[in-house]
Amino acid sequence: MIIFPILILVSFVLYIYYKVMIVRSNDPLTQEYLNSKSKLFLGSFIFFFGINQYVFYQTKLSLFVGIVFIAFGIFQARLGWKSSKHYQAEFQKHRTSPQS
């Protein structure tokens, strides 16, 4: 099952990428948007790590740990997704509004 470690790695790299982009940006709206994207990838990292935990070990303890990680990952990814959609709409409004 090589797919889960690859998904874990890709999610972690994208999480780090968006966190670095937050530091490089000066616009608060862009920072909030990038932070929401990083939350989305952090949630996917935790989710895939929870699945991989159970698939690799297949014990009762890893099942419970995996369920907790999957629940936290879904919760974090859902929050990141919702805030990402919100800030994306706000970013579009900000971009199309006439500058004073």
Side-chain angles (χ1 to χ4, degrees):
M1 294 299 283
I2 192 76
I3 190 75
F4 290 119
I6 291 171
L7 290 172
I8 290 168
L9 185 63
V10 168
S11 298
F12 185 70
V13 167
L14 287 172
Y15 169 72
I16 296 297
Y17 171 76
Y18 281 114
K19 283 297 187 181
V20 169
M21 292 305 291
I22 290 170
V23 175
R24 296 182 71 190
S25 175
N26 294 329
D27 183 30
L29 184 61
T30 305
Q31 288 178 345
E32 289 294 328
Y33 176 68
L34 292 172
N35 191 30
S36 65
K37 294 292 273 190
S38 70
K39 286 181 185 180
L40 176 66
F41 287 111
L42 177 63
S44 67
F45 167 74
I46 295 171
F47 175 77
F48 291 128
F49 187 81
I51 291 174
N52 189 50
Q53 184 74 17
Y54 179 67
V55 169
F56 188 68
Y57 292 111
Q58 293 186 353
T59 63
K60 286 185 180 181
L61 179 62
S62 68
L63 174 65
F64 294 131
V65 171
I67 287 172
V68 170
F69 274 45
I70 289 169
F72 282 139
I74 289 172
F75 178 72
Q76 187 74 16
R78 184 171 170 253
L79 286 177
W81 178 266
K82 289 174 82 174
S83 61
S84 174
K85 290 298 176 187
H86 170 74
Y87 286 118
Q88 186 178 18
E90 291 296 320
F91 191 70
Q92 292 296 328
K93 287 180 194 176
H94 178 64
R95 180 178 271 177
T96 59
S97 68
Q99 300 294 326
S100 299

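Quick note: residue numbers are just sequence positions, from 1.
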Student: Hey, quick one: are Phe48 and Tyr17 part of the same hydrophobic cluster, counting side-chain heavy atoms closer than 4.5 Å, chains of contacts allowed?
Tutor: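 Result: yes, single cluster for both.
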Student: Partners of Ser83 by side chain to side chain donor-acceptor pair (under 3.5 Å), sequence neighbours excluded?
Tutor: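 For Ser83, no residue satisfies side chain to side chain donor-acceptor pair (under 3.5 Å) once neighbours in sequence are set aside.
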Student: Would you name the heavy atoms of Ser84 and Ser36 that are closest together and state the gap between them?
Tutor: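 Shortest heavy-atom separation between Ser84 and Ser36 comes out as CA-OG, 3.2 Å.
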Student: Find out if a path of hydrophobic residues (ILVMFWY) with successive side-chain heavy-atom gaps under 4.5 Å connects Leu79 to Ile22.
Tutor: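 Unlinked, Leu79 and Ile22 end up in two clusters.
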Student: Can Phe64 be reached from Tyr57 by stepping across I, L, V, M, F, W or Y side chains whose heavy atoms are under 4.5 Å apart?
Tutor: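 Unlinked, Tyr57 and Phe64 end up in two clusters.
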Student: Grouping I, L, V, M, F, W and Y whenever their side-chain heavy atoms are under 4.5 Å apart, do Ile2 and Phe47 come out in a common cluster?
Tutor: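 Ile2 and Phe47: one cluster.
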Student: Which residues pass the ring pair (Phe, Tyr, Trp, His ring centres under 6.0 Å) test with Tyr18, not counting sequence neighbours?
Tutor: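 Checked Tyr18 against ring pair (Phe, Tyr, Trp, His ring centres under 6.0 Å); matches are Phe41.
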Student: Tell me every residue that passes ring pair (Phe, Tyr, Trp, His ring centres under 6.0 Å) with Phe69, counting only those two or more places apart in sequence or in another chain.
Tutor: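 Phe49.
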Student: I need the Ile8 CD1 to Gln53 CD distance, nearest 0.5 Å.
Tutor: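 The CD1 atom of Ile8 sits 9.0 Å away from the CD atom of Gln53.
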Student: So, for Pro5 and Asn52, which heavy atoms are closest and what is the spacing to 0.1 Å?
Tutor: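 Shortest heavy-atom separation between Pro5 and Asn52 comes out as CD-OD1, 4.2 Å.
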Student: Check salt bridge (charged side-chain N to carboxylate O under 4.0 Å, His left out) between Lys60 and all other residues, then give those that pass, not counting sequence neighbours.
Tutor: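 Testing Lys60 for salt bridge (charged side-chain N to carboxylate O under 4.0 Å, His left out), a comparison that skips the adjacent residues, returns none.
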Student: Could I get the full list of side chain to side chain contact (heavy atoms under 4.5 Å, CB included) partners for Phe12, not counting sequence neighbours?
Tutor: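 Per chain and number, Phe12 pairs via side chain to side chain contact (heavy atoms under 4.5 Å, CB included) with Ile16, Phe45.
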Student: If the condition is side chain to side chain donor-acceptor pair (under 3.5 Å), which residues does Ser62 pass it with, not counting sequence neighbours?
Tutor: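 Side chain to side chain donor-acceptor pair (under 3.5 Å) check on Ser62 returns Thr59.
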Student: Can you name the residues that form a side chain to side chain donor-acceptor pair (under 3.5 Å) with Lys19, not counting sequence neighbours?
Tutor: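 Once residues adjacent in sequence are excluded, the partners of Lys19 under the side chain to side chain donor-acceptor pair (under 3.5 Å) criterion are Asn35.
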Student: How would you list, by chain and number, every residue that makes a side chain to side chain contact (heavy atoms under 4.5 Å, CB included) with Val13, sequence neighbours excluded?
Tutor: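 Side chain to side chain contact (heavy atoms under 4.5 Å, CB included) check on Val13 returns Leu9.
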Student: Rounded to the nearest 0.5 Å, how far does CD of Gln88 lie from NZ of Lys37?
Tutor: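 Going from NZ on Lys37 over to CD on Gln88, the span is 7.0 Å.
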Student: Can you name the side chain to side chain donor-acceptor pair (under 3.5 Å) partners of Ser25, sequence neighbours left out?
Tutor: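 Applying side chain to side chain donor-acceptor pair (under 3.5 Å) to Ser25 gives none.
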Student: Taking all atoms of both residues into account, what is the closest heavy-atom pair of Leu29 and Phe91, and its distance?
Tutor: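 For Leu29 versus Phe91, the nearest heavy atoms are CD2-CA, 3.8 Å.
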Student: Which pairs with one or both residues in residues 24-34 pass salt bridge (charged side-chain N to carboxylate O under 4.0 Å, His left out), sequence neighbours excluded?
Tutor: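 Qualifying pairs: none.
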Student: Could you list the cluster mates of Leu40? Members are the ILVMFWY residues connected by side-chain heavy atoms closer than 4.5 Å, either directly or through other members.
Tutor: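 Its cluster mates, by chain and number, are Trp81.
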Student: Which other residues belong to the hydrophobic cluster containing Tyr54, where Ile, Leu, Val, Met, Phe, Trp and Tyr are joined when side-chain heavy atoms lie under 4.5 Å apart, directly or via other members?
Tutor: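 Hydrophobic cluster check, Tyr54: joined to Leu63, Ile67.
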Student: Under a single-linkage definition using a 4.5 Å side-chain heavy-atom cutoff for Ile, Leu, Val, Met, Phe, Trp and Tyr, are Ile70 and Ile3 assigned to the same hydrophobic cluster?
Tutor: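 Same cluster: Ile70 reaches Ile3 through Ile, Leu, Val, Met, Phe, Trp or Tyr contacts under 4.5 Å.
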